[in-house]
Amino acid sequence: MTTLPTSTQKKLGLVIDLDTCVGCHACVISCKGWNTENYGAPLSDQDPYGANPTGTFLNRVHSYEVQPPNLKDGAQPAAQLIHFPKSCLHCDDAPCVTVCPTGASYKRSEDGIVLVNEQDCIGCGLCAWACPYGARELDADAGVMKKCTLCVDRIYNENLPEEDRQPACVRTCPSNARHFGDFADPESNVSILTRERGGFDLMPEQGTKPVNKYLPPRPKDVAPEFDVLAPYLEPIAADAKGFVGWLDKALNALPGGVN
């Protein structure tokens, strides 16, 4: 079994803003595309156009309807739809690593990324059982476990423009809900976001010390109810003048005209 490093030089990970995620699944598609069409290990699909399609995805988005707490005046706000992206959280105390019988799962000491050596993986599924977040997936075609790699083949690839050296999900997010950086640096973008927005761990009671953080949704403003058409239905003038006034009088003078 694999042992975890006592410390890592960097702590690379993601900050996911639940306030701005719109649930578009662009991160899911870009992750699937990069890992299937480019340098990553292919992510297979089974019966993709049939009645029961299944496949391997390293990132998924779940949607939940939640009820915010009552306001100060006791009023109950409307329920909110929260989109919740989920992938490997690259935990400091990763149980998927320590439970692996062949040492295929490991955590890198240089940057803290949790990876799988597919040549050593026997597809036993113990890491999937050990992960409390359901972030491990068995590729049915390859017969090995696969997971988010933080696009390790992108972030260190000097052949890519600098702006592209970040995970595919971060690069493609249209609402800027995903952020990538080094949590070991207190002045990094992810550290500042976590500190200023109250970033939190997912299921901290599990004791896995996840590196990835989530930013909570902001309270929604309650706007007073109003009729959006009201300004357009109000009369512009009480007494018409000029040509319009003459026309109004002329029409009223006709038989059946309204005075």
Side-chain angles (χ1 to χ4, degrees), residues 10-49 53-64 81-91 96 105 108 111-116 118 128 131 133-142 144-183 188-190 193-194 197 199 202 210-215 217:
K10 294 182 177 180
K11 293 180 64 173
L12 298 183
L14 303 175
V15 165
I16 299 175
D17 192 345
L18 300 180
D19 188 60
T20 56
C21 177
V22 296
C24 67
H25 287 70
C27 56
V28 177
I29 300 303
S30 64
C31 172
K32 181 86 167 183
W34 177 262
N35 286 284
T36 300
E37 302 160 5
N38 294 282
Y39 300 103
L43 306 177
S44 69
D45 293 307
Q46 290 74 47
D47 194 24
Y49 304 108
T54 60
T56 306
F57 290 84
L58 307 186
N59 181 50
R60 297 178 184 270
V61 178
H62 306 278
S63 296
Y64 304 95
L81 182 63
I82 302 297
H83 304 289
F84 194 89
K86 186 192 68 176
S87 59
C88 174
L89 286 85
H90 301 275
C91 305
C96 61
S105 293
R108 294 171 24 139
D111 51 23
I113 299 177
V114 176
L115 296 175
V116 177
E118 296 187 11
C131 175
Y133 308 111
R136 293 289 184 116
E137 300 227 355
L138 177 66
D139 190 299
D141 282 354
V144 298
M145 302 303 296
K146 296 184 178 180
K147 61 176 295 299
C148 165
T149 66
L150 280 182
C151 286
V152 68
D153 52 342
R154 284 177 64 104
I155 61 178
Y156 294 115
N157 190 343
E158 296 183 355
N159 294 319
L160 293 176
E162 187 173 355
E163 61 269 20
D164 284 333
R165 296 176 201 168
Q166 53 184 329
C169 62
V170 176
R171 188 73 175 100
T172 197
C173 181
S175 62
N176 200 34
R178 304 176 74 92
H179 307 269
F180 170 69
D182 181 10
F183 286 93
S188 68
N189 61 326
V190 290
L193 276 170
T194 302
R197 288 279 310 281
L202 181 60
V211 173
N212 288 7
K213 309 296 180 188
Y214 287 89
L215 303 182

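The CD1 atom of I29 lies 10.0 Å from the CG atom of N59; values are rounded to the nearest 0.5 Å. Taken to the nearest 0.5 Å, the SG atom of C151 stands 12.5 Å off from the CG atom of L12. We find the SG-NE2 distance between C96 and H90 to be 9.5 Å, quoted to the nearest 0.5 Å. The distance from atom CG of L150 to atom OH of Y156, rounded to the nearest 0.5 Å, is 9.0 Å. Rounded to the nearest 0.5 Å, atoms CG (L58) and SG (C27) are 11.5 Å apart.
When all heavy atoms of T56 and A140 are compared, the pair lying nearest together is OG1-N, 4.4 Å. The two residues K11 and V211 make their nearest non-hydrogen contact at O-CG1, 3.9 Å. Considering all non-hydrogen atoms of both residues, D139 and S44 come closest at OD1-OG, 2.7 Å. Taking all atoms of both residues into account, the shortest heavy-atom contact from N157 to N159 is OD1-N, 2.9 Å. Listed here is the closest heavy atom pair of N212 and C88: ND2-O, 3.2 Å. P48 and D45 get closest at one heavy-atom pair: CB-CB, 4.1 Å.
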Stepwise side chain to side chain contact (heavy atoms under 4.5 Å, CB included) test for E118 and K146
CA-CA 8 Å; E118 296 187 11; K146 296 184 178 180; 3.5 Å; yes
R197 vs V15, test: side chain to side chain contact (heavy atoms under 4.5 Å, CB included). Steps then yes/no.
CA-CA 11 Å; R197 288 279 310 281; V15 165; over 6 Å; no
Stepwise side chain to side chain contact (heavy atoms under 4.5 Å, CB included) test for L215 and D19:
CA-CA 7 Å; L215 303 182; D19 188 60; over 6 Å; no
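Partners of Q166 according to the side chain to side chain donor-acceptor pair (under 3.5 Å) rule, which considers only residues two or more places apart in sequence or in another chain, do not exist here. Taking the salt bridge (charged side-chain N to carboxylate O under 4.0 Å, His left out) definition, one finds that K147 meets it with nothing, sequence neighbours left out. In this view, Y214 and F84 satisfy the ring-ring contact (aromatic ring centres under 6.0 Å, His included) rule, not counting sequence neighbours. With sequence neighbours excluded, the residues satisfying side chain to side chain donor-acceptor pair (under 3.5 Å) with S188 are S191. The side chain to side chain donor-acceptor pair (under 3.5 Å) test applied to R165 returns no partner, not counting sequence neighbours.
Y133 places no side-chain N or O within donor-acceptor distance of the main-chain N or O of P210, the cut-off being under 3.5 Å. The backbone N or O of A168 sits nowhere less than 3.5 Å from a side-chain atom of T172 that would complete a donor-acceptor pair. Judged by distance alone, the side chain of D47 and the main-chain N or O of P53 form no donor-acceptor pair under 3.5 Å. Distance alone, capped at 3.5 Å, places no donor-acceptor pair between the D111 side chain and the K10 backbone.
V170 is listed as a side-chain neighbour of L14, based on a closest heavy-atom distance under 4.5 Å. Q46 places a side-chain heavy atom less than 4.5 Å from the side chain of D141. Counting only heavy atoms from C-beta outward, the side chains of E137 and L43 never approach each other to under 4.5 Å. Contact check for L18 versus H83: no side-chain heavy atoms found under the 4.5 Å cut-off. Side-chain atoms of I113 and I155, non-hydrogen and from C-beta on, do get closer than 4.5 Å to each other. For the pair R154 and L160, the minimum side-chain heavy-atom distance is below 4.5 Å. Counting heavy atoms from C-beta outward, R171 and E163 have side chains that approach closer than 4.5 Å. Looking at heavy atoms from C-beta onward, L138 lies out of side-chain contact with R136 at the 4.5 angstrom threshold.
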Just distance, no hydrogens or angles: give the donor-acceptor pairs under 3.5 Å from side chains in residues 173-180, sequence neighbours left out.
| from | atom 1 | to | atom 2 | distance (Å) |
| --- | --- | --- | --- | --- |
| S175 | OG | T20 | O | 2.9 |
| H179 | NE2 | N176 | O | 3.1 |

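In K86, the NZ atom is crowded: over 12 heavy atoms of neighbouring residues, nucleotides or ligands sit closer than 6.0 Å.
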